[in-house]
Amino acid sequence: MSNVVASAARARIAAVASGTRSAAAQSRTFASSPIDDSTSALDYKRTLRHRPPPLPAMDLPRSRSAEEAVTNILYNTPPPSLQPFKKHVLNCLVQNEPGVLSRVSGILAGRGFNIDSLVVCRTEIRDLSRMCIVLRGQDGVVEQARRQLEDLVPVWAVLDYTDTHCIERELLLAKVSILGPEYVEEQLLGGPSHEPRRSPLHPQAAPSATDAKLEREAALAQQFEHSADPEGAAAAAHPPPLTPSQALRLKSDHLQAIQVLSAQFGGRIVDVSEHSVIVEMCGKTKRVEAFLALLKPFGVLESARTGLMVMPRTPIKNLEEGEESDEGGAVDASLLPPG
């Protein structure tokens, strides 16, 4: 009897031990391996290897005759593609390590692409960074470059958001003069404070012979224009200086106009100094360019733009189903207008 009990106990202990080993092996199998280097991206792409779709068809001109072919061979002029150049937005998920940006930009530069904007930053994952690249080119050539970028070791994936519904945003910081466009050139000579300063007031800046000749020619032209009105010519040659009250009123008017314009575009003034303000505005690229064009009459001293950032929209499934049912369903006669 004791032998039977001992054998049953040994069998129970062996079963528990085997269950423990299997659980440990299963936990090791499903545990996520840490990302140590860029080869993790290579392993990820190798496990998910699938045959890529064919490249977009290139629209080529008609077939040429023998004479045209010989001329083409002699002068080495390949047939040009008829596809239009359009803007493409590429989103690259890369390993966060040194040298990735230079490799990506080197491939694009080798293919002759001019990068319109490039935004790089870390994501919510510690070892992953996101690049948003905007460039112009043909569909087939850009697709070849995208696949070449995806073959790089530290690159996880490259997505083309050109024909995707995305949210596009770009940030603009512009330093605008509140004295008016007449004082922009003098403010640029004033250093970091942008205080209006005339170059002849500097004892070191002596006018050159060319500058003196240009000034004399401008004075003669102005005198000829106002020859019929001597008083107007004198007033134009020597404008009266602004009083402190007039300067304060001028700054206040320009500041209010800039503030109203910024509010219309969803921007705001983030810094106010004695002679200039800094305006912040976030929006689409075309909206940023329109806002910057409207700020130029005030006198833009400096401007900085971050470049385009995109994120794809999440479709609403119920809304799409409702729209399809509305389009294909029967029309209620009670909702139609009379007649």
Please report the C-alpha distance between R111 and Q144 in whole Å, then the side-chain angles of each, then the deciding distance to 0.1 Å, and finally whether the side chain to side chain contact (heavy atoms under 4.5 Å, CB included) criterion is met. CA-CA 10 Å; R111 286 187 167 271; Q144 292 176 358; 3.5 Å; yes
Could you give the distance from OG1 (T123) to CG (N96), rounded to the nearest 0.5 Å? 8.0 Å
Run the salt-bridge test on E143 and R146 with the 4.0 Å N-O cut-off and return the result as yes or no. yes
Where G307 and S117 come nearest, the two heavy atoms and their spacing: CA-CB, 3.9 Å
How far does CG of D163 sit from CG of D139, to the nearest 0.5 angstrom? 7.5 Å
Starting from I107, can I reach V141 by hopping between I/L/V/M/F/W/Y residues whose side chains sit under 4.5 Å apart? yes
Can you tell me if K175 uses its side chain to pair, donor with acceptor, with the backbone of V279 under 3.5 Å? no
Is there a path from M131 to M309 through hydrophobic residues (I, L, V, M, F, W, Y) whose side chains come within less than 4.5 Å of each other? no
Any side-chain heavy atom of M311 within less than 4.5 Å of one from E168? no
Say you draw a straight line from CG of L149 to CG of D151; how long is it, rounded to the nearest 0.5 Å? 9.0 Å
When rounded to the nearest 0.5 angstrom, what distance separates OG in S177 from CD in E302? 12.5 Å
Give me the atom names and distance for the closest heavy-atom approach of V310 to C132. CG2-SG, 3.8 Å
Gap separating the NE2 atom of H254 from the CZ atom of R249, nearest 0.5 angstrom: 12.5 Å
Residues R136 and F85: closest non-hydrogen pair is NH2-O, 3.2 Å
State whether the side chain of S105 and the backbone N or O of L101 hold a donor-acceptor pair below 3.5 Å, judged by distance alone. yes
Could you pull out the closest heavy-atom pair between K251 and E274, with the gap in Å? NZ-O, 3.2 Å
So do V155 and R103 actually touch side chain to side chain, heavy atoms under 4.5 Å? no
Count I, L, V, M, F, W, Y as connected when their side-chain heavy atoms are under 4.5 Å apart, and connections chain through other members. Are L308 and L108 then in the same cluster? no
Do the side chains of L173 and V277 join up, straight or via other hydrophobic residues, at under 4.5 Å, putting them in one cluster? no
Evaluation steps, side chain to side chain contact (heavy atoms under 4.5 Å, CB included), between W156 and L128: CA-CA 9 Å; W156 287 76; L128 195 65; 3.8 Å; yes
Distance-only polar pair, side chains of R130 and N91, donor-acceptor under 3.5 Å: yes
Give the minimum heavy-atom separation between A174 and L295, together with the two atoms involved. CB-CD1, 4.1 Å
Evaluate L159 against Y161 for side chain to side chain contact (heavy atoms under 4.5 Å, CB included), listing each step before the verdict. CA-CA 6 Å; L159 306 175; Y161 285 159; 3.2 Å; yes
Less than 4.5 Å apart, side chain to side chain, heavy atoms only: is that true for N114 and D116? yes
Can a donor-acceptor pair be found, under 3.5 Å and without considering hydrogens, that links the side chain of T164 to the backbone of C166? no
With sequence neighbours left out, write down each residue that passes side chain to side chain donor-acceptor pair (under 3.5 Å) with R305, or none if nothing qualifies. E170
One should read off an interatomic distance between L90 CG and I133 CD1, to the nearest 0.5 angstrom, of 6.0 Å
Heavy-atom pair of closest approach, residues E150 and A157: OE2-CA, 3.8 Å
With the side chain counted from C-beta on, respond yes when I178 and F298 share a heavy-atom pair under 4.5 Å apart, and no when they do not. no
Expected list for residues 256-271: side-chain donor-acceptor pairs under 3.5 angstrom, two or more places apart:
{"residue": "S262", "atom": "OG", "partner": "I258", "partner atom": "O", "Å": "2.8"}
{"residue": "R268", "atom": "NE", "partner": "E280", "partner atom": "OE1", "Å": "3.0"}
{"residue": "R268", "atom": "NH2", "partner": "E280", "partner atom": "OE1", "Å": "3.1"}

Tell me whether V176 shares a hydrophobic cluster with L294, the cluster being built from Ile, Leu, Val, Met, Phe, Trp, Tyr side chains joined at under 4.5 Å. yes
